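Order of appearance sets the numbers: ligands from 1, and atoms from 1 within every ligand. Heavy atoms only: backbone and side chains are in, while hydrogens, waters and symmetry mates are out. In this text, all values refer to a predicted model and were calculated from it rather than measured experimentally.
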Amino acid sequence: MSRLTVAQALVRFLAVQETERDGQRERLIAGCYGIFGHGNVAGLGQALHQHQDALPFFPARNEQGMVHIAAGYARQRNRLGTFACTTSVGPGATNMVTGAALATVNRLPVLLLPGDTFATRTPHPVLQMLEAPGDATVSVNDCFRPVSRFYERVERPEQLIGAALEAMRVLSDPAEAGAVTLAMPEDVQAEAFEVPAAFLEPRVWTIYRQPSAPEALSRAAELIRGARRPLIVAGGGVIYSEATVALRALVDATGIPVGETMAGRGALTSEHPLSLGALGATGGTAGNRLARDADVVIGVGTRWSDFTTASKSAFQDPSVRFVNVNVTAFDAGKQSGLPVVGDARVTLEQLRSVLAGWRVDGAWEQRAAEEAAAWRDEVRRVISLDGDHAGSPSQAQIIKEINDAAGETGVVVCAAGSAPGDLHKLWHARDPAGKSYHVEYGYSCMGYEIPGGMGVKLAAPEREVYVLVGDGSYLMLPGELVTAVAQRVPIVIVLVDNHGYASIGALSRSVGSSGFGTLYRFSENGSVPLDPASTEVLPLDLAANAESLGARVVRTQTIAELRDALAGARGADGPVVVYIEADRYKGVPSYESWWDVPVAEVSEEDTVRAAREGYEREHAHQRQYLRSPHD
Ligand SMILES: Cc1ncc(C[n+]2csc(CCOP(=O)(O)OP(=O)(O)O)c2C)c(N)n1
Ligand SMILES: [Mg+2]
């Protein structure tokens with residue numbers, strides 16, 4: 001027993017937690033990010049100061065940003081490690097809510113330690129406290145409940161022990177991973193108690209590879225053997241489980257083609273003859289055509305988001321059936337699929353053995369290979385298209401340059417705007433481990449790019465990291481650039497300026513609303529000029545902004561200059577921002593797919609009425625996929 005404060009006990013506990021998978025161990029909590037205020041400076045701040053050798057501490061600039069660093073790190077480490085994040089009470093705490101939602105939506109472990117108001121209630125109302133008349137137990141931290149996989153408010157010192165252990169269990173369980181929130185009342189943090197020695201001893205959280213039930217496997221095998229047009233949809237779970245080799249082996253043995261979700265992009269390297277690339281709303285022709293005709297769809301490690309399913313319109317075979325390999329029963333049950341609950345790698349190996357000797361219909365395999373080859377040709381065509389406006393390159397050309405600079409092991413990081421859809425279609429994935437493509441598209445959160453990219457680099461210092469960020473996303477959360485400068489994290493940030501929200505502008509035009517409110521323009525009395533061709537832009541200088549935050553900045557205008565800047569950024573000892581203007585209107589087309597964005601049913605505008613007609617036509621293809629595999 002030793003007498004420690006709650007904060008000291010927690011810091012010492014976090015410093016000695018490890019995960020283990022396949023005999024490999026690593027720190028579960030690599031360190032702690034934080035921003036101090038009265039709600040954590042004396043409790044956790046004191047403990048982190050005292051134990052900084054055991055648990056490294058890094059100051060951040062925005063609480064949301066620091067959660068993104070943790071999420072980026074966790075994804076790159078395949079969910080085996082993450083960071084803790086400590087905040088003050090009130091605004092510091094609620095600034096983390098968006099980060100928590102991002103982590104939970106993407107099934108990524110992050111540990112959040114928001115400060116909380118007094119457990120004793122004596123000094124209440126304390127600075128930054130929300131008073132909820134009628135319920136004294138409510139605090140703003142209750143906002144974390146719906147966005148956390150585990151939530152506990154530690155109101156007594158002894159409570160820490162159970163809370164901390166449960167927090168580690170949830171963080172390290174691939175079936176439960178997401179944000180874990182331990183709300184820490186500021187008085188309790190500083191309170192001392194007798195801490196059992198065993199609580200502070202090193203602890204290993206082993207991640208066992210759970211095999212699937214033999215019955216589920218044989219049912220899946222029966223379904224697949226009976227299929228004429230089977231298709232695999234690879235999701236993020238394939239990569240987190242390190243199952244890319246097993247996937248390739250299954251594909252080589254059976255001839256089943258593979259389409260990829262956003263999180264699963266790169267699960268099969270792009271040059272594989274049966275790699276269809278992107279599928280769904282941001283998919284290509286190969287993925288979407290084979291999806292339309294597939295009769296058995298095997299989802300592996302996917303949560304079947306609307307982008308993957310093209311808002312439930314991608315799979316059009318009237319009797320299509322789904323097989324869902326997933327470590328989470330919740331996701332395995334979707335699309336009325338046959339749930340095959342288990343680790344992706346083990347299950348893919350099991351599937352290969354139960355399907356031994358069987359190969360897909362030759363005509364289907366040949367069609368898949370032809371569509372895949374035709375799609376690769378289309379990608380080559382699109383990445384070479386110049387912008388239409390004098391001098392400005394297209395975003396597709398910019399992506400090609402990043403792709404070339406990244407080579408086999410570089411990682412591209414992106415989250416929101418027009419770039420994720422373009423990347424999903426165009427990225428040539430070369431890394432056999434599937435780690436070259438890091439697009440956060442579960443929450444698609446503007447502002448994730450820079451801190452997320454920092455987390456990736458901290459998790460994989462041996463890889464070059466290329467952050468692709470739009471001007472809108474950049475403006476939302478540029479502050480973590482300072483954190484990257486302070487920690488000397490050498491990421492390359494390609495800042496693509498098209499003077500506003502090109503993606504939402506295009507979406508607005510497609511629903512008949514002329515790009516309203518999506519350009520950066522002077523506005524009077526709240527109204528924004530509607531003319532999208534107007535050349536008058538705001539006097540913003542984002543390159544100067546990045547420079548002022550301490551980053552090295554290279555201003556480029558042409559593709560040749562961009563190429564040189566990317567080459568010159570290698571070996572830097574901190575973040576390098578490569579600024580480039582892109583043609584706002586030279587977009588990558590969409591390919592035989594749809595996304596459900598409801599259009600006004602009545603309107604005085606002809607453009608909206610026309611868009612509504614198109615919407616109703618497409619909507620008619622939406623399906624519920626209610627037939628179970630046994631019908
Ligand atoms: C936090 C947040 N707010 C709003 C959105 C909706 N949204 C998606 S993309 C986008 C515009 C992004 O602009 P920019 O980063 O410049 O990229 P571009 O569309 O120009 O490629 C908006 C507002 C979002 N994804 N995240
Ligand atoms: Mg933009």
Next item on the list: Give the contacting part of N498 toward ligand 1: side chain, backbone, both or neither, where contact means a heavy-atom distance below 4.0 Å.
Entry: side chain
Item checked: Minimum-distance protein heavy atom relative to atom 21 (O) of ligand 1 -> S418 OG, 2.5 Å
Margin query: Give me the residue, atom name and distance of the protein heavy atom closest to atom 18 (P) of ligand 1.
Written below: A502 N, 3.6 Å
Checklist line | Of V413, V411, V467, V489, the residue whose pairing with K457 passes side chain to side chain contact (heavy atoms under 4.5 Å, CB included) | finding: V489
Notebook entry, point to check: So is S444 polar-close to ligand 1, meaning N/O to N/O under 3.5 Å?
Noted result: yes
Note to self: What protein heavy atom lies closest to atom 12 (C) of ligand 1? Include the residue and the distance to one decimal.
What the structure shows: M446 CE, 3.7 Å
Notebook entry, point to check: Does C445 reach ligand 1 with a nitrogen or oxygen that is under 3.5 Å from one of the ligand's nitrogen or oxygen atoms?
Noted result: no
Checklist line | For K334, all residues meeting salt bridge (charged side-chain N to carboxylate O under 4.0 Å, His left out), sequence neighbours excluded | finding: D331
Next item on the list: List in chain and number order the residues that pass salt bridge (charged side-chain N to carboxylate O under 4.0 Å, His left out) with E581, two or more places apart in sequence or in another chain; answer none if no residue qualifies.
Entry: none
Next item on the list: Could you grab the protein N, O or S atoms closer than 2.8 Å to the Mg ion (ligand 2) for me?
Entry: D471 OD1, N498 OD1, G500 O
Checklist line | Under the salt bridge (charged side-chain N to carboxylate O under 4.0 Å, His left out) test, residues paired with E616 that sit two or more places apart | finding: R612
Note to self: Using heavy atoms and a 4.0 Å limit, tell me yes or no: is M476 in contact with ligand 1?
What the structure shows: yes
